[in-house]
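One structure is given below, encoded as structure tokens.
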Amino acid sequence: MTAPEAGRDGAIDPRAFRTVLGQFCTGVTVITTTEDDGTPVGFACQSFAALSLDPPLVLFCPTKQSRSWAAIERAGRFCVNVLAEEQQQTCARFGSREPDKFAGLDWTSSPLGSPVLTGSLAHIDCTVETVHDGGDHWVVFGRVSSLSEVRDDKERPLLFYRGQYTGIEPEKTTPAPWRDDLEAFLTSVTEDTWL
Ligand SMILES: Cc1cc2nc3c(=O)[nH]c(=O)nc-3n(C[C@H](O)[C@H](O)[C@H](O)COP(=O)(O)OP(=O)(O)OC[C@H]3O[C@@H](n4cnc5c(N)ncnc54)[C@H](O)[C@@H]3O)c2cc1C
Ligand SMILES: NC(=O)c1ccc[n+]([C@@H]2O[C@H](COP(=O)([O-])OP(=O)(O)OC[C@H]3O[C@@H](n4cnc5c(N)ncnc54)[C@H](O)[C@@H]3O)[C@@H](O)[C@H]2O)c1
């Protein structure tokens, strides 16, 4: 496959951007909050990451037109639901413009009052800390208020890769052999250790 070319003025072609950035496989989250009247709100979000351990911060990037972000900004709080492999349909619904994304779904309230989707792998309850400009998106830093239990180490995450949903192979619920080396790398503490 030939490399995507930049436009004549050096601009990056949006399709090429998506194709190349789509090589970066991630998990998927649904980020939720509630309106003042208690109406639940949420959207599918791939651009989520751990940011800081001390203080405990996470980040996500909503598009500037997002009505879910407008609701989160008003509420000042949100809950990150880390999706499990079985939640593909849920993800598709929260990635759509369906008017009632919560219809027929089971959910409970987090300690801060944001929706926790039943069946999620984990959830992270946050307050909005700061908001930064990110082109056509905002970069939102959230302060972690509380963390869920981890359900079961046999559960597998939903993944998004090349613009499609995928998952970890069924038999791969235990660490691969190379994992020992990775573990040693991740747990070695040096001045520039990230985690
Ligand atoms: C796997 C996956 C990962 C995703 N990751 C992200 C992510 O990281 N960040 C992100 O922002 N989105 C992401 N999306 C897309 C997002 O989930 C959907 O766009 C979702 O519908 C947004 O919900 P909302 O309530 O914020 O949007 P809505 O406010 O319901 O709008 C949906 C979309 O319509 C457009 N829109 C809204 N209002 C207007 C208007 N007045 N005029 C014109 N257009 C308008 C916007 O582009 C908006 O994103 C992802 C989707 C999927 C499936
Ligand atoms: N960061 C985002 O806002 C983001 C991320 C993934 C998907 N989406 C949206 O979800 C829908 C489904 O996506 P698809 O099946 O067409 O996959 P796609 O082929 O558009 O996505 C491939 C990759 O491109 C990037 N990407 C796509 N849309 C982006 C955007 N608006 N801003 C920044 N990066 C973006 C992501 O890294 C994604 O993994 C589309 O409407 C897409 O815009 C948005």
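All values below were derived from every heavy atom in this structure, side-chain atoms included, with hydrogens, water molecules and symmetry-related copies excluded. Counting starts at 1 for both ligands and their atoms, following the listed order.
Checked against the 6.0 Å centroid threshold, F160 and F24 do not count as a close aromatic pair.
Looking at G95, A44, C45, it is A44 that brings a heavy atom closest to atom 13 (C) of ligand 1.
Every atom of ligand 1 is numbered from 1 in the order shown, and the set under 4.0 Å from a heavy atom of S47 is 7 (C), 8 (O), 9 (N). Contact atoms of ligand 1 toward C61: 7 (C), 8 (O), 9 (N), 10 (C), 11 (O) (distance under 4.0 Å to a heavy atom of the residue). Every atom of ligand 1 is numbered from 1 in the order shown, and the set under 4.0 Å from a heavy atom of S96 is 20 (C), 21 (O).
Heavy atoms of other residues, nucleotides or ligands lying less than 6.0 angstrom from CG of D133 number more than 12.
Taking only nitrogen or oxygen atoms, main chain and side chain alike, S68 reaches within less than 3.5 Å of ligand 1. Below 3.5 Å of separation, one finds an N or O of K101 facing an N or O of ligand 1. Ligand 1 has no N or O atom lying under 3.5 Å from any N or O atom of F43, backbone or side chain.
The immediate protein surroundings of ligand 2, defined as residues with any heavy atom under 4.0 Å of it, consist of R15, F17, R18, L21, G22, Q46, H137, F160, G163.
If you check which protein heavy atom lies closest to atom 40 (C) of ligand 1, you get R97 NH2, 4.9 Å.
E98 contributes no side-chain N or O that, together with a main-chain N or O of F94, makes up a donor-acceptor pair within less than 3.5 Å.
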